[in-house]
Amino acid sequence: QLQASGGGLVQPGDSLRLSCVASGGDFSAYVMAWFRQAPGKEREFVAVSRRGNEIYADFAKGRFTISRDKSKNTVYLQMNSLKPEDTALYYCAAGRPILSSSRSPSGYTYWGQGTLVTVSS
């Protein structure tokens, strides 16, 4: 199971840190990622932590940072300089996608319930 938390209502320019705790097994060997889904839009890739390497969506580069603490089975998403267009439900995911599928939701087996991030003045 994956349990995401840390969402909330913030103003443009603010920061948030999302957390996702994995339980029920050892997820240290899994690829961990964050996706988001805005109202009326498809789920989109945000960032992935894969064997010590991180890959980001273009909109996340320079503003978001994914990290993980394997000892705690936890993955984080630090989000800085938030914009209204970052408003979405943010989901964490775990799986064993091949490299070319790292950005695709279909590459992941386990999903958290989503945590809502609202950026508004």
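Numbers here are sequence positions counted from 1. Atom set for the values below is all heavy atoms of this structure, side chains included, hydrogens, waters and symmetry mates excluded.
- Note: Phe35 CZ to Arg103 CZ = 10.0 Å, rounded to the nearest 0.5 Å.
- Annotation: disulfide bond (SG atoms under 2.5 Å apart) contacts involving residues 7-109, sequence neighbours excluded, comprise Cys20-Cys92.
- Note on ring orientation: taking the six-membered ring where Trp is involved, the planes of Trp111 and Tyr108 are perpendicular (angle over 60°, cut-offs 30° and 60°).
- The OG1 atom of Thr65 lies 11.0 Å from the CE atom of Met79; values are rounded to the nearest 0.5 Å.
- In this structure, the separation between CG on Leu77 and CG on Leu16 is 9.5 Å, given to the nearest 0.5 Å.
- Interatomic distance, OG1 of Thr115 versus CZ of Arg36, reported as 14.0 Å (0.5 Å rounding).
- Residues Glu54 and Ile66 approach most closely at CG-CG2, 3.4 Å, considering heavy atoms.
- Here the closest non-hydrogen pair linking Pro97 and Gly95 is CD-C, 3.2 Å.
- Formation of a donor-acceptor pair under 3.5 Å by the Gln37 side chain with backbone atoms of Ala88 is not found in this model.
- Residue-environment remark: CD (Gln1) stays at or below the threshold of 12 foreign heavy atoms within 6.0 Å.
- Scanning all heavy atoms of the two residues, the minimum distance from Pro84 to Thr87 falls at O-OG1, 2.9 Å.
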List the steps and the verdict of side-chain hydrogen bond (donor to acceptor under 3.5 Å, both in side chains) for Thr118 and Ser120. CA-CA 6 Å; Thr118 303; Ser120 176; over 6 Å; no
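- Here the CD-OG distance, from Gln78 to Ser19, works out to 9.5 Å after rounding to the nearest 0.5 Å.
- Pro105 places none of its side-chain heavy atoms less than 4.5 Å from the side chain of Glu42.
- For the ring pair (Phe, Tyr, Trp, His ring centres under 6.0 Å) condition, no pair includes a residue of residues 56-98, sequence neighbours left out.
- Residues meeting the salt bridge (Lys or Arg N to Asp or Glu O under 4.0 Å) test with Arg63, sequence neighbours left out: Asp86.
- How far CG of Leu2 is from OG of Ser23: 7.5 Å, rounded to the nearest 0.5 Å.
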